[in-house]
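Read the structure below first, then the notes.
Protein chains get the first letters and strands the later ones, always in sequence-line order, with residue 1 at the start of each. Not measured: the values here are computed from a predicted model.
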2 protein chains.
Amino acid sequence: MNNEQNKIPQATAKRLPLYYRFINNLHHQGKLRVSSKELSEAVKVDSATIRRDFSYFGALGKKGYGYNVEYLLSFFRKTLDQDEVTKVALIGVGNLGTAFLHYNFMKNNNTKIEMAFDADPNKLGSDIGGVPVYHVDDLEDHLKNTAVAILTVPSTEAQGITERLVDAGVSGILNFTPARISVPDHIRVHHIDLSVELQSLVYFLKHYPLEEEAGD
Amino acid sequence: MNNEQNKIPQATAKRLPLYYRFINNLHHQGKLRVSSKELSEAVKVDSATIRRDFSYFGALGKKGYGYNVEYLLSFFRKTLDQDEVTKVALIGVGNLGTAFLHYNFMKNNNTKIEMAFDADPNKLGSDIGGVPVYHVDDLEDHLKNTAVAILTVPSTEAQGITERLVDAGVSGILNFTPARISVPDHIRVHHIDLSVELQSLVYFLKHYPLEEEAGD
DNA sequence: AATAAGTCGTGATTTTATTCACATTCTTTT
DNA sequence: AAAAGAATGTGAATAAAATCACGACTTATT
Ligand SMILES: NC(=O)c1ccc[n+]([C@@H]2O[C@H](COP(=O)([O-])OP(=O)(O)OC[C@H]3O[C@@H](n4cnc5c(N)ncnc54)[C@H](O)[C@@H]3O)[C@@H](O)[C@H]2O)c1
Ligand SMILES: NC(=O)c1ccc[n+]([C@@H]2O[C@H](COP(=O)([O-])OP(=O)(O)OC[C@H]3O[C@@H](n4cnc5c(N)ncnc54)[C@H](O)[C@@H]3O)[C@@H](O)[C@H]2O)c1
């Protein structure tokens with residue numbers, strides 16, 4: 001599944017869902033074609049970078065013309081496996097977890113939170129946003145064919161839950177806790193560390209002031 | 001404020017809050033010294049990268065010894081301006097916004113959400129997590145000396161609100177909406193795009209399978 | 001006091017990502 | 001049908017980040 005196109009840089013791979021979303025928007029707006037320059041303005045990525053990114057998949061566009069929106073869309077849909085839904089489990093139905101359950105990740109997306117877990121008996125039973133909430137003790141019973149988990153438990157619980165997830169066959173974890181969890185080599189973890197994001201934004205503001213405008 | 005240490009790579013700057021948090025943990029555990037190797041295991045960053053990162057600030061450690069935890073901590077506290085609190089406003093008290101208000105970003109942090117805004121009259125008045133919620137019509141009246149805003153409004157509102165924030169003097173925006181907002185050059189925007197994060201995790205799982213373990 | 005073990009700081013190298021710049025090709029206009 | 005304009009795809013250049021690898025110094029041990 002990967003060897004055919006093994007050379008796609010990680011930086012490119014991370015931008016693909018973004019491209020997909022904006023191409024989708026264009027399609028809904030009824031646009032028939034788009035240039036890398038236009039797309040660049042929409043997604044805020046340099047147009048040369050966009051052309052380079054697309055070129056890893058072959059020649060998707062036409063010189064002098066740009067890209068056909070319909071074609072791009074169907075190409076990216078295939079590439080991002082948009083027709084096949086990936087099952088996701090969420091662990092920790094607290095502030096953040098509840099927000100995710102209410103949000104419909106499916107709108108534009110090939111993923112679906114199918115079940116949630118919590119340790120607090122008060123959270124159980126109710127379907128939050130249409131997703132059933134089970135007790136975390138029953139994790140292993142319900143987690144069948146679930147490839148991805150979203151971790152929104154207290155950071156002290158993160159490592160323990162992670163180990164159970166891995167044993168239960170999960171192979172990707174989106175970790176929102178501040179803990180840096182340890183996993184075997186074949187498991188992929190993406191950390192989204194909101195405090196770090198906020199702090200680093202503040203650091204950049206103080207230490208890397210951007211050009212003041214010359215007025216408009 | 002920046003010229004003294006102008007050469008710190010962005011990748012390094014993004015890791016600083018992470019280092020700070022873990023050094024803080026070590027301090028609370030009563031550890032007196034730490035090596036780049038130990039720290040590496042905790043934060044999951046290569047030890048050479050850590051030494052390189054630290055070296056941009058001069059010689060913080062001692063050869064053959066490692067780093068003094070107390071010294072590192074006080075150094076990073078200064079560097080990250082932990083003694084000075086940055087005021088933050090949050091716009092959009094919905095699922096995600098409410099979660100952030102309940103979360104105490106201050107725990108380990110130099111930032112504080114001081115006020116929130118929403119367009120829905122039902123959300124007003126109540127202090128969520130101790131933060132007052134005002135009507136978005138009054139944005140300009142309340143936003144004094146607020147450098148940073150967190151955007152958790154519907155994506156259709158993002159650009160309009162952004163323009164008002166910029167006019168009101170905000171210089172950094174943490175954007176959780178899927179919209180790619182346009183800002184003048186002197187404004188810094190960090191995008192946290194949760195759908196993209198989830199989709200790209202799925203993409204990596206399918207296209208970049210990691211080494212299977214040889215068992216243990 | 002000498003030896004061994006541990007660890008930093010950094011020059012050099014490698015890897016990854018971005019950007020430039022232009023020949024080529026397609027579209028549109030005259 | 002020719003000329004002008006638009007936009008791709010990519011080799012080459014540049015920039016940014018990560019990693020290797022080792023000399024220099026510190027601490028611990030015998
Ligand atoms: N809320 C935010 O804005 C925010 C911001 C940054 C980071 N985080 C991090 O995200 C995580 C969740 O934050 P939150 O604000 O939603 O916390 P929360 O306390 O509201 O939610 C945690 C939930 O996990 C459940 N839980 C506890 N132990 C469990 C276990 N062993 N198994 C399953 N469920 C368990 C709790 O019952 C609770 O419902 C935390 O690690 C926090 O540090 C949150
Ligand atoms: N909740 C999630 O898990 C999640 C995940 C990914 C992205 N997002 C994005 O984050 C944003 C917020 O998501 P949410 O789930 O919290 O949505 P939400 O609808 O629950 O909250 C949006 C809030 O903004 C308020 N609002 C609307 N117009 C406003 C305006 N002009 N000024 C001020 N407030 C206004 C609404 O009253 C509402 O309270 C959206 O853009 C969404 O796409 C959310």
- Report, as yes or no, whether the 6.0 Å neighbourhood of atom NZ on B/Lys44 holds more than 12 heavy atoms from other residues, nucleotides or ligands. yes

- Query: Which of these, A/Tyr19, A/Phe76, A/Phe54, sits in a ring-ring contact (aromatic ring centres under 6.0 Å, His included) with A/Tyr67?
  - Reply: A/Phe54

- Query: So, A/Thr12 versus A/Asp53: side-chain donor-acceptor pair below 3.5 Å or not?
  - Reply: yes

- Message: Determine whether a donor-acceptor pair (N or O, by modelled atom type, separation under 3.5 Å) exists between the side chain of A/Arg33 and the backbone of A/Tyr65.
- Response: yes

- Where do B/Ile181 and B/Ile161 land on the side-chain contact (heavy atoms from CB on, under 4.5 Å) test, with the steps shown first? CA-CA 10 Å; B/Ile181 56 186; B/Ile161 298 283; over 6 Å; no

- Item | Inter- and intrachain pairs under salt bridge (Lys or Arg N to Asp or Glu O under 4.0 Å), touching residues 193-203 of chain A, at least two apart | A/Arg180-A/Asp193, A/Asp193-B/Arg21

- Inter- and intrachain pairs under ring-ring contact (aromatic ring centres under 6.0 Å, His included), touching residues 153-183 of chain A, at least two apart: A/Phe100-A/Phe176

- Task: Please report, rounded to the nearest Å, how far the P atom of C/dT25 is from the CG atom of A/Asn68.
- Result: 21 Å

- Query: When the distance from NZ of A/Lys14 to P of C/dT18 is rounded to whole Å, what number comes out?
  - Reply: 10 Å

- Task: Whole angstrom is fine here: how far is it from OH in A/Tyr56 over to C1' in D/dT8?
- Result: 15 Å

- Message: In this structure, how many angstroms lie between the C1' atom of C/dT7 and the CG atom of B/Leu39, rounded?
- Response: 13 Å

- Counting just side-chain N and O atoms, does A/Ser36 come under 4.0 Å of either OP1 or OP2 of D/dT8? yes

- A/Ile50 CD1 - C/dC20 C1' separation (whole Å): 16 Å

- Of all residues at least two apart in sequence or in a different chain, which pass the side-chain hydrogen bond (donor to acceptor under 3.5 Å, both in side chains) check with B/Asp118? none

- Query: According to a strict under-4.0 Å criterion, is A/Thr49 in side-chain N/O contact with OP1 or OP2 of C/dT19?
  - Reply: yes

- For the base of D/dT10, is there a side-chain donor-acceptor partner from A/Arg52 under 3.5 Å away? no

- Protein-to-nucleotide contact annotation, 5' to 3' order, nucleotides 22-30 of chain D [B base; S sugar-phosphate only; - none; under 4.0 Å, heavy atom]: -BBBBS---

- Message: Output the rounded distance in Å from NZ (B/Lys44) to P (D/dA18).
- Response: 17 Å

- Message: According to side-chain hydrogen bond (donor to acceptor under 3.5 Å, both in side chains), who are the partners of A/Thr98, at least two apart in sequence or on a separate chain?
- Response: none

Show me the protein contacts with nucleotides 13-17 of chain C, counting only N or O atoms at under 3.5 Å.
residue : atom : partner : partner atom : Å
C/dA17  : OP1  : A/Ala11 : N            : 3.2

- Rounded to whole Å, the CG-P distance (A/Leu72 to D/dT8) equals 10 Å

- Figure out the CG/P separation between B/Asp53 and D/dA18, and round it to whole Å. 7 Å

- Check every strand shown and say whether B/Phe54 touches a base, only sugar-phosphate, or nothing at a heavy-atom separation below 4.0 Å. nothing

